[in-house]
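The next block holds one structure in the form of structure tokens; read it before the comments.
In what follows, chains carry the letters A, B, and so on, assigned in the order in which the sequence lines appear, proteins first and then strands, with residues in each chain numbered from 1.
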There are 2 protein chains.
Amino acid sequence: MYLHKAPAEARLLQAALELLAERGYRGATTKEVARRAGVSEVTLFRRFGSKEGLFKAALSAFVPQGFLERLPRETAPLEEGLGELLAAYLDLLEAHRALLPKLLSELLRHPELGQGEALPLRTAMGQAVALFRAKQEEGLLRKDEPPEELALAFLGPLFARFLLGEALGVRLPLDPEAYVRGYLEGRYGAR
Amino acid sequence: MYLHKAPAEARLLQAALELLAERGYRGATTKEVARRAGVSEVTLFRRFGSKEGLFKAALSAFVPQGFLERLPRETAPLEEGLGELLAAYLDLLEAHRALLPKLLSELLRHPELGQGEALPLRTAMGQAVALFRAKQEEGLLRKDEPPEELALAFLGPLFARFLLGEALGVRLPLDPEAYVRGYLEGRYGAR
DNA sequence: TGGCATTGCAAGTATGTACTTGCATAAGGC
DNA sequence: GCCTTATGCAAGTACATACTTGCAATGCCA
């Protein structure tokens, strides 16, 4: 196997993410991405086919290695499972603190970028939903709401808290155990 | 005077604002602005000279007629002055609820658009600062902070509240009198 | 050492988009 | 009725940018 393959590709993905956040999808040129990655522009097109392919891949790849495997299985006990889910997402948000708000804004403006074959965030949300569904069937969570609602009610405030903190430039400390407890005692968690 | 002058110009400015919010500065093409305004593209360039000129003008003009005149003079009593200031800004935010968050995001990404000769928001902020400075000199506000700080402390939470509400899709009701009282009783307002 | 994969470089093509020019037309004001 | 002003239309220019092609160089592995 050709050893130099990984670095060029990885640098292109990283540069694409940064420029996407800095200048937006239309403002980020392939030439500039290649320059920042220290790679020729031709290589970019040989690897990713098109500008859109590159940015889709970048958005899919920005979820860290091992994130999906780290998510709790449906068989995990309720409270531990939620705790692990929360911890995994907290780490993800922390790892991309500076970029995420602008990336989200670009995703809203260019929905096609989120249509990547297996955008990991989508998969990750699917796994979270599976966990909530399993706990519903075990009778540990209320069944009068679809599991997607339960998952959103759990993760939504987390995103909101994060985005608000970034927008205002403040760090909002979060106690994971208290967050899980608060969810379980709240409206959606009540069984 | 040529009677048809105003409509074409006004429609161009309005279409430019909408497209700026929808697609961003780079994504908004002059052709599309002209089409939406129901005007030929060449008219756009004859009126505003360039794409940048058009969008600068649009950002300057989106402050409603009479807004500046409505701001309180330095001679207004403290509490009434703050109340009028607050009411004027509340109306402005209300008038542009849907557009403002995206416009602000574009302003952050393209600062040159804010460099308009007399961007009214800049002027408006200057008048607010003058009010706070006058009240400082009357001894009604603490003098150990620059008036710009006092103005920001007064208007900042208003903007934050508005942006948060838009981001989360909720309406946060605001009691103007309570807001002014809270400011005057708080840290920055204490004299 | 020979072959394959990966990359760079130089040069191109195609297209979109900002911006221009020339001419004709219509709407007022005087 | 003439002039100014505003506008549209058709056509075109200049440039940036996405994307391609051909060829040579380099690193790796068998």
Side-chain angles (χ1 to χ4, degrees), chain A residues 1-61 106 109-116, chain B residues 1-61 106 109-116:
Chain A
M1 194 172 76
Y2 196 71
L3 287 190
H4 289 172
K5 176 171 182 175
E9 196 161 306
R11 282 203 307 275
L12 277 170
L13 293 173
Q14 176 63 26
L17 265 195
E18 293 174 11
L19 274 170
L20 183 61
E22 284 177 28
R23 314 210 182 150
Y25 180 58
R26 299 200 54 144
T29 71
T30 54
K31 184 181 294 186
E32 176 69 7
V33 172
R35 201 194 59 74
R36 186 173 295 201
V39 156
S40 111
E41 196 184 359
V42 198
T43 299
L44 184 161
F45 284 101
R46 277 197 274 244
R47 285 242 170 249
F48 298 99
S50 68
K51 175 180 181 178
E52 185 175 336
L54 167 70
F55 283 97
K56 278 185 181 175
L59 282 174
S60 289
E106 282 307 305
R109 194 159 268 165
H110 301 277
E112 70 272 18
L113 295 180
Q115 302 298 337
Chain B
M1 192 172 77
Y2 198 71
L3 287 191
H4 290 171
K5 177 172 182 175
E9 195 161 308
R11 281 202 310 274
L12 278 169
L13 293 173
Q14 177 63 25
L17 265 195
E18 293 174 10
L19 274 169
L20 183 60
E22 284 177 29
R23 312 208 182 152
Y25 181 57
R26 298 199 54 143
T29 71
T30 54
K31 183 181 296 186
E32 175 70 9
V33 171
R35 201 194 58 74
R36 188 173 296 200
V39 157
S40 112
E41 195 184 0
V42 61
T43 297
L44 183 161
F45 284 100
R46 279 197 272 245
R47 285 244 168 246
F48 298 99
S50 68
K51 175 180 180 178
E52 185 175 334
L54 167 69
F55 283 96
K56 278 186 182 176
L59 282 174
S60 289
E106 282 307 305
R109 191 158 270 164
H110 301 277
E112 71 271 18
L113 296 180
Q115 302 298 338

In whole angstroms, how far is the C1' atom of D:dG8 from the CG atom of B:L44?
14 Å
Using whole Å, what does the distance between atom C1' of nucleotide D:dC19 and atom CG of A:L54 come to?
13 Å
A:R36: what forms a side chain to side chain contact (heavy atoms under 4.5 Å, CB included) with it, not counting sequence neighbours?
A:A15, A:E18, A:L19, A:E22, A:R23, A:E32
Rounded to whole Å, how long is the line connecting atom CZ of A:F48 with atom C1' of C:dT6?
14 Å
Suppose we screen for side chain to side chain contact (heavy atoms under 4.5 Å, CB included). Which residues come up paired with B:A61, at least two apart in sequence or across chains?
B:L13
What is the distance, rounded to the nearest whole Å, between atom CD of B:E9 and atom P of D:dT5?
16 Å
Rounding to a whole Å, what distance do you find between A:R35:CZ and C:dC9:C1'?
18 Å
Does A:F48 reach the side chain of A:E9, with side-chain heavy atoms less than 4.5 Å apart?
yes
Using a 4.0 Å heavy-atom cut-off, write out nucleotides 15-21 of chain C from 5' to 3' as B (base contacted by protein), S (sugar-phosphate only) or - (no contact).
--SSBBB
What donor-acceptor contacts under 3.5 angstrom involve side-chain atoms of residues 37-45 of chain A, with partners at least two apart or in another chain?
from	atom 1	to	atom 2	distance (Å)
A:S40	OG	A:V42	N	3.2
A:E41	OE2	A:T30	OG1	2.8

Calculate, to the nearest 0.5 Å, the distance between atoms CZ and CD belonging to A:R26 and A:E106 respectively.
11.0 Å
D:dG8 OP1/OP2 closer than 4.0 Å to side-chain N/O of B:T43
yes
Please list all pairs meeting ring-ring contact (aromatic ring centres under 6.0 Å, His included) that have one or both residues in residues 9-28 of chain B, counting only residues at least two apart or in different chains.
B:Y25-B:F55, B:Y25-B:H110
